[in-house]
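Single-structure report; data block below.
Here is how names work: the chains are called A, B, and so on, in the same order as the sequence lines, proteins then strands, and each is numbered from 1. For clarity, every value in this text was computed on a predicted model and none was experimentally measured.
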Amino acid sequence: MTKSAVVRIGVLALQGDFALHARALEKCGVKAVEVRKPVELDQVDGLVMPGGESTTLLKLMDAWDFVPALEKLHGAGKPIFGTCAGLILLAREVESPTQFSLGLIDVTVERNAYGRQRESFEASGTAKLGPDPIQLDMVFIRAPRIRRVGPGVQVLAEHRGEPVMARQDRVLVATFHPELTDSTKVHRYFCDLVERCRAGA
Amino acid sequence: MADLNGLRIADRKHIGLAEMLKGGVIMDVTNAEQAKIAEDAGAASVMALERVPSDIRRDGGVARMSPVKKIQEIQKAVTIPVMAKARIGHFVEAQILEALAVDYIDESEVLTPADEHFHIDKFAFRIPFVCGCRDLGEALRRIGEGAAMIRTKGEAGSGNIVEAVRHMRAVISGMRRLTTLGPEELMTEAKTLGAPYELVRWVAKAGKLPVPNFSAGGIATPADAALMMQLGAEAVFVGSGIFKSSDPAKRAKAIVQATTHFKDPDVLARVSEDLGDAMVGIETSKLAEKDLLQTRGW
């Protein structure tokens, strides 16, 4: 496939806060493309899997045979960024309850690990996305917790000493929602990753 | 959150949960078994209530918050967020729902109002509220009181989409109109709408509500759900439409697909095949004013 001039990043738009991710990506100067069918993945350089309800997303993915298409996308060297439910779908293992996941990043995730909406919270955490650590505004909504981090996984941000953002090679995950804040630092980091992979491919 | 001209609105984490539900279907359920069917069909959330709207309409009597035990059973049965309805102005029902840790409270016209003058002060709670509206002014009053999500009311339990369409169009065209007004016109417009001036100014600039805008009241088919999405709804609530149809599990699944693929007529045609009978609808124009649920609240 010949490369277009613009970087195109897909946002899985089956259900969830895909519109806010698309807005954040556009602010970073890339073209955001809503993806509702596997065939639409052929046109993108990377993919964001947004927050939403992971059980709902699994059902919608199943109906369209998304799993092989996502594995193919990952195999083709395209970066994937999952927030909250997106992280749950990408993890190696999922707890409470156990459910199917893609296993593209070697972490164990516990669903709704802080409790119900009453326990959702906003906080500030430290991230290391470049040479210097930065403070990030983080919104946790019925959020999962990363309970185990595999040897190949790099922790990029912490809140109260726990990993809340991590990366293994081309797969980036966060338990919080950068798309709900005004800062585009996390999306910028992902866009840079996509641009580097695209240039190298 | 965006600058709301110094006016307090719902917390970002609460508006955020509504964002997570976008593109999804929130289904009315009265017990754990129905909740499980809804979750298995792909519902993004379930709404616990004592009776579905069409039964409330048929049987009459005072409609109240769902029994506590039912809510707890539903919470145990599913992992998706559980919402529950409280009567308009009944802040003690809301306090109980907060103690139960439901994920969203629907201060709903479907239940019998507890207060004819005042809605609940939603800032007094640690969990978010969704409220119904029939037009832009009503939406902005509820947001001013702290609602983190708005749903157009439609006419619950009617199985007739016409009121949902009317209300969604009223909200959308109301916002479009605001964007055409000059700054000097906005105070008078706020007075006409009966809405907070700061919110009117914000919407005039943004062209949208500062919280998600979903649709409710009358959705009975996949086509109804897709119609509301194409008109500008960001997700849909389905009440009687599912569990009053001949094959709830199948219809629920079809409505979930239709809400995601709302712009794709081929998918809509396919999921609409062979669904069995939809709920029997009501011609809402023949309902007496006193039988309308949408006129409850202001």
Side-chain angles (χ1 to χ4, degrees), chain A residues 11-23 34-37 40 50-64 83-86 88 94 96-99 111-112 114-123 137-144 176-182, chain B residues 1-3 11-27 38-46 75 78-83 97-105 125-129 148 208 212 234-235 252-254 256-257 259-264 266-267 270-271:
Chain A
V11 183
L12 194 65
L14 296 173
Q15 191 273 314
D17 75 331
F18 49 87
L20 292 179
H21 272 291
R23 191 184 66 175
E34 288 184 1
V35 172
R36 289 187 173 82
K37 291 179 181 171
E40 290 158 350
E53 285 306 315
S54 65
T55 43
T56 307
L57 287 165
L58 277 175
K59 303 238 147 61
L60 286 159
M61 282 165 55
D62 226 29
W64 290 87
T83 55
C84 199
I88 294 167
V94 181
S96 80
T98 54
Q99 64 185 30
R111 291 184 57 196
N112 298 341
Y114 299 92
R116 298 180 185 276
Q117 178 62 10
R118 203 176 58 187
E119 278 67 55
S120 290
F121 62 100
E122 299 183 23
D137 209 9
M138 298 173 176
V139 188
F140 296 86
I141 298 173
R142 287 171 42 97
F176 60 97
H177 292 280
E179 74 282 5
L180 289 176
T181 66
D182 291 328
Chain B
M1 235 358 261
D3 173 21
D11 288 351
R12 186 165 56 175
K13 64 184 178 186
H14 290 329
I15 297 171
L17 179 56
E19 295 284 348
M20 301 309 144
L21 297 172
K22 280 187 179 175
V25 183
I26 300 142
M27 300 183 193
E39 183 175 62
D40 288 343
S45 174
V46 290
Q75 285 176 316
V78 297
T79 63
I80 53 178
V82 175
M83 305 188 184
L97 294 175
E98 181 180 48
L100 293 172
V102 304
D103 294 292
Y104 244 99
I105 296 175
F125 292 82
R126 287 180 296 152
I127 57 175
F129 283 75
K208 63 183 188 73
E234 295 172 303
K253 246 185 219 169
V256 168
Q257 287 290 338
T259 304
T260 293
H261 299 281
F262 68 96
K263 286 183 281 196
D264 191 331
D266 291 333
V267 175
R270 190 161 55 73
V271 302

Exercise. When you check the side-chain N and O atoms of Arg270(B) and Gln257(B), is any donor under 3.5 Å from an acceptor?
Worked result: no
For this session: Name the option with the most non-hydrogen atom pairs under 4.5 Å to chain A; the candidates are Val82(B), Asp40(B), Val256(B).
Result: Asp40(B)
Exercise. For Phe18(A), is it the side chain, the backbone, both, or neither that has a heavy atom closer than 4.5 Å to a heavy atom of chain B?
Worked result: side chain
Problem set entry | Among Gly23(B), Ala44(B), Gly16(B), Gly24(B), residue most engaged with chain A (heavy-atom pairs, under 4.5 Å) | Ala44(B)
Seminar exercise, completed: Given Val102(B), Val267(B), Val25(B), the one with more heavy-atom pairs under 4.5 angstrom with chain A than any other is Val267(B)
For this session: Might you point out which heavy atoms bring Glu179(A) and Met20(B) nearest each other, and give the distance in Å?
Result: OE2-CE, 3.8 Å
For this session: Would you confirm whether His14(B), through its side chain, and Arg126(B), through its main-chain N or O, come within 3.5 Å as a donor-acceptor pair?
Result: yes
Exercise. Checking Gln99(A) against chain B: side chain, backbone, both or neither under 4.5 Å from a heavy atom?
Worked result: neither
For this session: Let me know if Leu14(A) has heavy atoms under 4.5 Å from chain B in its side chain, its backbone, both or neither.
Result: both
Problem set entry | Interchain contact, Ser120(A) with chain B, by part (heavy-atom threshold 4.5 Å) | both
Seminar exercise, completed: Rounded to the nearest 0.5 angstrom, the CG-CD1 distance for Leu100(B) and Ile105(B) is 9.5 Å
For this session: Look at Leu17(B), Asp264(B), Ile127(B) and state which one has the largest set of heavy-atom pairs under 4.5 Å with chain A.
Result: Leu17(B)
Exercise. Do you know the tightest heavy-atom contact between Gln117(A) and Pro128(B)?
Worked result: CG-CD, 3.5 Å
Problem set entry | chain A interface, residue from Lys253(B), Lys263(B), Glu39(B), Gln75(B) that has the most non-hydrogen pairs under 4.5 Å | Gln75(B)
Problem set entry | Selection from Lys59(A), Lys37(A), Glu119(A), His177(A) maximising heavy-atom pairs under 4.5 Å formed with chain B | Lys59(A)
Seminar exercise, completed: So, the part of Arg142(A) with a heavy atom under 4.5 Å from chain B: the answer is side chain
Problem set entry | Proximity breakdown for Thr181(A) and chain B, heavy-atom pairs closer than 4.5 Å | both
Problem set entry | Pick from Thr259(B), Thr79(B), Leu21(B) with the largest number of heavy-atom pairs that fall under 4.5 Å of chain A | Thr79(B)
For this session: Taking all non-hydrogen atoms of both residues into account, name the closest pair between Arg111(A) and Pro97(A) and its distance.
Result: NH1-CD, 3.7 Å
For this session: Examine whether an atom of Ala235(B) lies under 4.5 Å from a heavy atom of chain A, and if so say whether it belongs to the side chain, the backbone or both; otherwise answer neither.
Result: neither
Exercise. Are side-chain N/O atoms of Ser45(B) and Glu53(A) paired as donor and acceptor at under 3.5 Å?
Worked result: no
For this session: Might you point out which heavy atoms bring Phe140(A) and Ala123(A) nearest each other, and give the distance in Å?
Result: CE1-CB, 4.4 Å
For this session: Of all the heavy-atom pairs spanning Pro50(A) and Ala85(A), show the shortest one and how long it is.
Result: O-CB, 4.1 Å
For this session: For residues Ala148(B) and Pro212(B), report the shortest heavy-atom separation together with the two atoms involved.
Result: O-CD, 3.8 Å
Problem set entry | Glu234(B) versus chain A, the contacting section by heavy-atom distance below 4.5 Å | neither
